[in-house]
Amino acid sequence: MSTSAPPATAAAPGEGRRPRRSRLGRRVPPVVWFFLLVPLAVELFWVFWPALNSFWLSTTTWGGVGVAEPVGTANYERLLADPIFRTALWNNVLWVFGFGGLSVVGGLALAVALNQPRRFVGVYRTVIFLPMVISMAVTGLFWRIVYAPGGPVNNTLELVGLGHLQQQWLANPDTALGAVLVAAVWRQVGYIMVLYLAGLKGCDPSLEEAAAVDGANAWQRFWRVVMPQLAGVNTVIFAITVIDSLRTFDIVWVMTRGGPFNQSQLLSTYMFEQAFSYVNLGYASAIAVVIFALAILFIITYVARQARAEEDDL
Amino acid sequence: MTALSHAGRRRRGLGGTLAFHTILTVVCLLWISPIAFVVLLSLRTFDDIALNGLGAFPTSFTFAAFPEAFRSGGVGRGLWNSLIVTFFVVTLTLALASMAAFALSRYRIPFRRTILMLMLAGNLLPPQILLIPVARIAQGMGIYDTLTAVIVVQIGFGLGFYTFVLYGFMRGLPKEVFEAALLDRCGPVQTYWRIVLPLCRPSLAALAALATTWVFNDLLWALTTLQSEAKFPITAALLNLQGAYASSWNLLAAASLMAAVPPALVFFAFQKQFVSGLLVGANK
């Protein structure tokens with residue numbers, strides 16, 4: 001081993017390290033500790049410490065001034081009986097399936113269609129991806145205009161003879177959530193498409209060729225040969241989608257603020273409203289803890305996957 | 001270049017090509033139509049919209065809405081605030097993240113993988129669990145309602161992701177480079193500054209492009225740590241504008257377009273880096 005080891009490390013005391021290790025410094029110099037500890041301290045202070053605080057706050061009642069009063073599990077009991085919380089929770093479930101399902105179906109279909117060397121494919125990809133660049137807040141504003149009375153959606157309905165469907169999409173409790181969802185999907189599809197395009201690039205073309213020779217049609221080849229190879233991408237997209245869904249805030253806040261009559265409330269918007277409009281800080285923290293509890297499984301899935309990939313790289 | 005396309009090409013005639021392009025052109029037109037509609041609206045006069053309706057065919061053409069929104073609607077100030085916040089968050093986050101990634105990837109720090117994964121997990125937390133304590137901490141430090149607060153909290157929240165990506169990249173650097181550095185008696189700081197950072201330029205560029213749009217587009221942290229309109233970044237300023245100019249559709253359209261332009265410019269200038277940045281961490 002000594003011949004291939006770099007002189008500097010070979011001279012260091014304590015021989016017999018495996019070559020794989022030789023790329024790592026042996027003793028950690030103080031300045032390197034500084035390199036690590038400064039960023040780590042920033043993240044601990046602004047992320048982990050506040051997060052821990054929320055858990056504690058969720059067991060108190062607090063109006064922002066004076067001392068937070070411990071109330072045990074009262075906030076959580078209140079949540080169980082709160083019809084708006086139940087609406088928000090249910091809307092979040094719908095959101096995960098609607099937002100996730102539609103963007104995955106759309107993104108995957110477009111990725112498969114655009115994963116070929118044809119003319120203009122690059123242009124099509126860019127157009128589909130473009131909304132992803134626009135912020136959720138601006139997306140919300142764009143679509144408020146699109147849904148407005150006399151706006152293009154209502155006008156188009158009139159034009160194709162469906163005039164009776166015209167309505168105030170965002171002011172109607174039955175349509176508000178769906179209308180916001182369409183806007184969010186419009187923005188997300190391009191992102192999912194890009195992830196799937198990368199996944200498709202990593203698929204082995206000879207497997208598909210072989211299946212084609214065996215007489216499998218395009219549909220069978222896609223589901224039986226290509227899809228299994230996308231398993232890894234699917235896991236990541238699934239985790240990202242759920243985490244994103246639970247985080248969704250901007251677009252709903254801009255378009256409806258959770259209204260009308262709380263019918264488009266998500267957990268995130270309801271939490272924000274309780275915290276910053278009504279200053280029920282303990283109650284809002286309890287909602288935040290619920291969001292955390294729902295997200296943590298998917299966070300672990302994602303991180304564990306990355307950790308395993310990291311190990312394979314070594 | 002998958003077999004699908006090879007197999008497809010054999011059978012693909014003129015009809016197939018025509019159908020492909022027809023369908024995708026329709027999809028793309030549909031996709032771009034909300035943006036196109038907002039652009040058209042921003043170029044009409046208030047009277048035209050009031051008289052003929054929002055969805056009517058334009059009978060006027062003017063750029064007047066843009067300067068008006070820029071001056072009176074707080075758009076100019078909002079864009080400026082956003083630029084400041086974005087600049088500091090992106091540079092400081094990347095500086096700190098590359099330091100942490102360098103330490104974790106190149107030195108035998110105990111539990112380094114655990115630390116890395118914990119940092120990444122911190123970035124994935126739902127921000128809602130941080131909002132109230134973050135606002136309180138900012139108040140306690142006397143930085144509530146300042147751009148400093150928006151900047152530091154976004155640095156803290158983003159660090160985990162960027163550290164993770166840069167760590168992966170730094171692990172992949174050839175070890176000969178570091179052996180040479182040792183031979184030249186480069187200390188850790190010199191190795192970091194003169195060797196690792198220049199080699200990381202591609203991934204730093206990708207992350208910078210991505211981070212710029214993310215930070216520029218943030219709304220939640222601004223709403224959490226700011227109160228006075230004068231300090232609002234463009235996203236929060238738009239939200240206010242929406243209330244104040246509810247019926248001036250052309251102004252609203254112009255303002256939201258101006259908010260969309262900077263991240264769009266970054267995207268078009270760094271399209272390759274942008275997409276490759278998105279793929280890191282998702283494509284394993």
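Below, chains carry the letters A, B, ... as their sequence lines are ordered, and counting in each starts from 1. Everything quoted here is computed from the prediction, not taken from an experiment.
- Looking at A:Phe276, the atoms closer than 4.5 Å to chain B (heavy atoms on both sides) all sit in the side chain, from C-beta outward.
- Interface check for chain A: of the options B:Ile155, B:Val134, B:Asp218, the most heavy-atom pairs under 4.5 Å are formed by B:Val134.
- Here the closest heavy-atom approach between residue A:Val289 and residue B:Ile129 is recorded as CA-CD1, 4.1 Å.
- Considering only heavy atoms from C-beta on, B:His21 comes within 4.5 Å of A:Tyr124 through its side chain.
- The side-chain heavy atoms of A:Phe249 and B:Leu223, taken from C-beta on, include a pair separated by under 4.5 Å.
- Side-chain atoms of B:Ile132 and A:Met271, non-hydrogen and from C-beta on, do get closer than 4.5 Å to each other.
- The contact between A:Ile243 and chain B is made entirely by side chain atoms (from C-beta outward), counting heavy-atom distances below 4.5 Å.
- A distance-only check finds no donor-acceptor pair linking the side chain of A:Arg144 to the backbone of B:Gln242 [under 3.5 Å].
- The shortest distance between side-chain heavy atoms of A:Trp46 and B:Phe157 does not fall below 4.5 Å.
- Both the backbone and the side chain of A:Ala51 come within less than 4.5 Å of a heavy atom in chain B.
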Output a table of donor-acceptor pairs, distance under 3.5 Å, between side-chain atoms of residues 128-143 of chain A and any protein atom two or more places apart or on a different chain; print 'none' if there are none.
unit_1   : atom_1 : unit_2   : atom_2 : d
A:Ser135 : OG     : A:Val138 : N      : 3.1
A:Thr139 : OG1    : A:Ser135 : O      : 2.7

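- With hydrogens and angles ignored, the 3.5 Å screen pairs a side-chain donor or acceptor of A:Trp186 with a backbone N or O of B:Trp31.
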